[in-house]
**Q** 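Questions regarding the structure given below will be posed in turn.
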Amino acid sequence: MGRQRQTGMGRQRRQRGLPALTYCPLRERPVRRLPQLFAGLALYGFSLSVMVRASLGVNPWSVLYEGLAEHTSLSFGTISAVVGALVLVLWIPLRQRPTFGTFANVVVLACASDAGLRLLPEDLGLPARIGLLLGGILLNGLAVAVYVGARFGPGPRDGLMTGTAAVTGRSLRQVRTLMEITVLVAGALLGGTVGAGTVLYALAVGPVTQYCLPWFAYRSTVTPSVRSPLRRPVRPSPLPARSRR
C-alpha cells in the first residue's frame with residue numbers, strides 16, 4: 001500500500017510538472033501560441049520601462065541600454081533592438097539558428113519598452129518609485145513565463161548563453177553569471193542606473209518566473225512517431241557462407 005501511494009504521488013507530481021520548454025514549430029497551433037508570445041514580449045518590454053522609471057536600479061541588460069542611451073541619440077528601445085541584433089551576429093560562430101521567436105523578441109521588446117517610457121511619468125516620489133520597482137519585477141517574471149511558455153525559441157541573449165555553454169563546455173549558470181556581470185559593469189561605466197533594484201531583480205525574478213511557468217507552459221499535442229525518420233531500418237546481415245550450405 002505504501003509503495004502504491006508513493007507511486008501515485010510521484011505520478012501526480014509529474015502531471016503537475018512542467019513540460020519540455022524546447023522549441024515547437026510555428027505551424028503547431030499558431031492561433032493558440034502566437035498571442036501568448038506577443039503578449040509576453042509586450043509585457044516584458046513594458047516591465048523594463050516600469051523599472052527604468054522607478055530609478056532604483058534595473059536589470060543588467062537595461063543598465064547597459066541606459067548607459068548607451070546617455071552617449072547616443074537613440075531611444076532605450078532602439079538601443080535594445082540594436083544590441084539584440086549585434087548579439088545575433090555572435091550566434092554565427094556558435095552555430096545557433098534564430099527562430100521566429102528570436103526576431104519577435106528583438107522587435108516587440110523595443111517597441112513595448114519605448115511605448116512604456118512615453119506613457120509613464122518621470123520624477124515620481126519615493127513611495128511611487130518603490131511601487132513601480134516591485135510591480136516591474138513581478139511583471140517581468142510573469143512576462144518571462146508567458147513568452148518562454150509559448151515555446152517559440154530563445155531570445156538573442158538566451159541563445160548566446162546556451163550556445164556559449166555548448167561550445168565551451170561550461171555550465172549555463174557559469175556562462176549566464178559571467179554574461180550578466182560583464183554587461184552590468186559595462187553599463188555602469190557608461191552611466192546606467194545600478195541600485196537596490198538591480199540586486200532585488202537578480203534575487204526575485206527567477207522564483208517569480210518559476211512560479212508562473214506551470215500556468216503558461218504550452219503542452220504539445222503532437223505525438224511523436226514511433227518510427228523516427230532519423231533512424232534507418234535495420235536490415236538483417238547476410239548469413240555466412242557456411243550457414244548457406
Side-chain angles (χ1 to χ4, degrees), residues 21-28 30 33-53 58-120 136 139-167 172 175-176 179-180 182-184 186-187 190 192 201 205 209 216 218:
L21 294 175
T22 51
Y23 172 74
C24 284
L26 179 61
R27 63 179 178 275
E28 185 176 336
R33 296 164 57 216
L34 281 174
Q36 178 175 335
L37 171 69
F38 289 123
L41 291 174
L43 289 175
Y44 187 90
F46 184 77
S47 69
L48 296 182
S49 63
V50 171
M51 288 186 285
V52 169
R53 285 290 181 255
V58 291
N59 67 54
W61 285 95
S62 294
V63 174
L64 177 62
Y65 303 155
E66 276 192 325
L68 290 173
E70 292 291 332
H71 299 275
T72 66
S73 59
L74 300 177
S75 67
F76 181 90
T78 303
I79 290 176
S80 72
V82 171
V83 172
L86 293 176
V87 170
L88 284 179
V89 175
L90 299 177
W91 281 30
I92 298 175
L94 300 176
R95 297 182 179 180
Q96 292 283 92
R97 294 184 178 180
T99 63
F100 176 81
T102 307
F103 295 111
N105 186 294
V106 174
V107 177
V108 178
L109 221 69
C111 296
S113 57
D114 272 351
L117 290 175
R118 293 191 188 97
L119 293 173
L120 295 171
L139 184 61
N140 189 274
L142 170 65
V144 172
V146 173
Y147 84 78
V148 168
R151 298 175 62 180
F152 276 103
R157 301 148 196 85
D158 295 326
L160 178 64
M161 173 190 65
T162 55
T164 303
V167 170
L172 290 176
V175 173
R176 185 67 181 226
M179 282 176 51
E180 298 291 321
T182 302
V183 169
L184 179 62
L190 290 171
Y201 178 90
V205 72
T209 302
F216 299 101
Y218 168 73

**Q** Mark yes or no for whether Arg33, through its side chain, and Arg27, through its backbone, hold a donor-acceptor pair below 3.5 Å.
**A** no
**Q** For the residue pair Val183 and Val63, establish whether any side-chain heavy-atom pair is separated by less than 4.5 Å.
**A** no
**Q** Is there a donor-acceptor contact under 3.5 Å from the side chain of Ser47 to the main chain of Leu139?
**A** no
**Q** For the residue pair Leu43 and Phe46, establish whether any side-chain heavy-atom pair is separated by less than 4.5 Å.
**A** no
**Q** Return yes if some donor-acceptor pair links the side-chain N/O of Gln36 with the main-chain N/O of Val146 below 3.5 Å, else return no.
**A** yes
**Q** Apply side chain to side chain contact (heavy atoms under 4.5 Å, CB included) to residues Phe152 and Leu34 and explain how you reach the verdict.
**A** CA-CA 9 Å; Phe152 276 103; Leu34 281 174; 3.7 Å; yes
**Q** Let's go through Leu90 and Leu86 carefully: what are the C-alpha distance in whole Å and the side-chain angles of both, what is the deciding distance for side chain to side chain contact (heavy atoms under 4.5 Å, CB included) to 0.1 Å, and is it a yes or a no?
**A** CA-CA 7 Å; Leu90 299 177; Leu86 293 176; over 6 Å; no
**Q** Could you tell me if the side chain of Arg176 sits less than 4.5 Å from the side chain of Asp158, heavy atoms only?
**A** yes
**Q** Please round to the nearest 0.5 Å and tell me the distance separating atom OG of Ser62 and atom CG of Asn140.
**A** 8.0 Å
**Q** With rounding to the nearest 0.5 angstrom, report the SG to OH distance, Cys24 to Tyr218.
**A** 6.0 Å
**Q** Rounded to the nearest 0.5 Å, what's the gap from CG on Leu160 to OG1 on Thr164? Could you check?
**A** 4.0 Å
**Q** Compare all side-chain heavy atoms of Trp91 with those of Pro98 and state whether any distance is below 4.5 angstrom.
**A** yes
**Q** Hey, are the side chains of Leu74 and Leu68 touching, using non-hydrogen atoms and a 4.5 Å cut-off?
**A** no
**Q** Are Asn105 and Thr102 linked by a side-chain donor-acceptor pair shorter than 3.5 Å?
**A** no
**Q** To the nearest 0.5 angstrom, please state how far the CG atom of Leu119 sits from the OG atom of Ser49.
**A** 8.0 Å
**Q** With side chains defined as the heavy atoms from C-beta onward, is the minimum distance between Leu48 and Asn59 less than 4.5 Å?
**A** yes
**Q** Hey, does Cys111 have a side-chain heavy atom less than 4.5 Å from the side chain of Val108?
**A** no
**Q** Answer yes or no: is there a side-chain heavy-atom contact under 4.5 Å between Val58 and Tyr201?
**A** no
**Q** Measure from the side-chain N and O atoms of Thr209 to the backbone N and O of Ala145, and report whether any donor-acceptor pair falls under 3.5 Å.
**A** no
**Q** Are Gln96 and Thr162 close enough, and set up right, to give a side chain to side chain contact (heavy atoms under 4.5 Å, CB included), and what steps lead you there?
**A** CA-CA 9 Å; Gln96 292 283 92; Thr162 55; 3.2 Å; yes
**Q** Quick one: CZ on Arg157 to CE on Met161, what's the gap to the nearest 0.5 Å?
**A** 12.0 Å
**Q** In Å, rounded to the nearest 0.5 Å, how long is the span from CD of Glu66 to OG of Ser80?
**A** 12.0 Å
**Q** Taking the six-membered ring of Tyr23, is NZ or CZ of Arg151 closer than 6.0 Å to its centre and within 45° of its axis?
**A** no
